[in-house]
Amino acid sequence: MPLTRNRFYLYLSLACAVGYGWLGLVSRLKPGEVGEKYEVCLVRHFLHFPCPSCGSTRSVLALLQGDLAGGFYWNPLGIVIFSILLATPIWMAYDLVFKKDTLYHFFRLFEETLRRKWVAIPAILLILLNWAWNIVKDV
Amino acid sequence: MDAQHVDMFLFSNSKYLEESQMYHIRERLLTLDESHWRMLQYMPFHDPVIILIISLITGPLAVDRFMLGDIGLGVAKLITCGGLGIWVLVDWIMIMNITRRKNTEKLMMAIY
């Protein structure tokens, strides 16, 4: 089944619900304690080193406490996730109320842009750099 | 297209395609002219077994999703530690069917 508009909004709502649920679960912890208490990353679990997105939850928690430097330190991808979690419900509500599909079109445009080599190669390099930094920090 | 060519194509590519769509694909291929034969022979399909192996090895990095062209979902899977590990497990079960579906969609796009 192709990712139609309605299916996209359904999946996105579920993803946001899981994201906020996850944040609710770990929100009582300090950012540094999350990795010790909940280990969801299969790479870290089996290979004993972090994946490119390890530390994202800690980053989002740090950002929620207003610690921008901490958010960047734990994982810069956390800033992206924080922005998505913040903007998506508002954007989805706007589309649903005004019966538009701007978010869906933005997603399609994002996919098309990332398919271009001159965007994809720097993006992959950034992810690899971030991964290397994660391994050095051992988050 | 010649029925022998159609059956040969379906026989050699059945593992890449959705079984439920085989009848429709065959019916459609029979209505096409022979000029499509060469295009069909070189149609690049993803092998579901290869994608499953890639998913098993590099699931949390979402390489399987990127290979199938799901760029947006791939990014989402990558930046969330493979959907908190759950998406990785679900993909291990689903990815072969997803690959067959993607292959079938690609073929449908080419012949319709």
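Order of the sequence lines sets the chain letters (A, B, ...), proteins ahead of strands, with each chain counted from 1.
Only the side chain of B:Leu61 comes within less than 4.5 Å of a heavy atom in chain A; its backbone stays farther off. With a 4.5 angstrom heavy-atom cutoff, A:Cys54 touches chain B via backbone and side-chain atoms both. Looking at A:Arg115, the atoms closer than 4.5 Å to chain B (heavy atoms on both sides) all sit in the side chain, from C-beta outward.
Few gaps surround CZ on A:Phe49; more than 12 heavy atoms of other groups in view lie less than 6.0 Å from it. The environment of CD in B:Gln4 is sparse: at most 12 heavy-atom neighbours from other residues, nucleotides or ligands sit within 6.0 Å. In A:Lys137, the NZ atom is crowded: over 12 heavy atoms of neighbouring residues, nucleotides or ligands sit closer than 6.0 Å. Counting non-hydrogen atoms of other residues, nucleotides and ligands closer than 6.0 Å to CG of A:Leu47 gives a total above 12.
Every ring-ring contact (aromatic ring centres under 6.0 Å, His included) that A:Tyr94 has, sequence neighbours left out, goes to A:Phe98.
Its side chain within the 4.5 Å cluster rule, B:Trp87 clusters with B:Leu73 among the Ile, Leu, Val, Met, Phe, Trp and Tyr residues.
Across all their heavy atoms, A:Ile81 and B:Ile79 have their closest contact at CD1-O, 3.0 Å.
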Next item on the list: Report the C-alpha separation of A:Val40 and B:Ile86 in whole Å, then their side-chain angles, then the decisive distance to 0.1 Å, and conclude whether the side chain to side chain contact (heavy atoms under 4.5 Å, CB included) test is met.
Entry: CA-CA 8 Å; A:Val40 291; B:Ile86 301 163; over 6 Å; no

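Here CD of A:Glu112 is found 9.0 Å from CD1 of B:Ile71. Values are rounded to the nearest 0.5 Å. Taking SG of B:Cys81 as the start and NE2 of A:His45 as the end, the distance is 13.5 Å to the nearest 0.5 Å.
With a 4.5 Å cut-off on side-chain heavy atoms, B:Leu78 and A:Ser53 do not count as touching.
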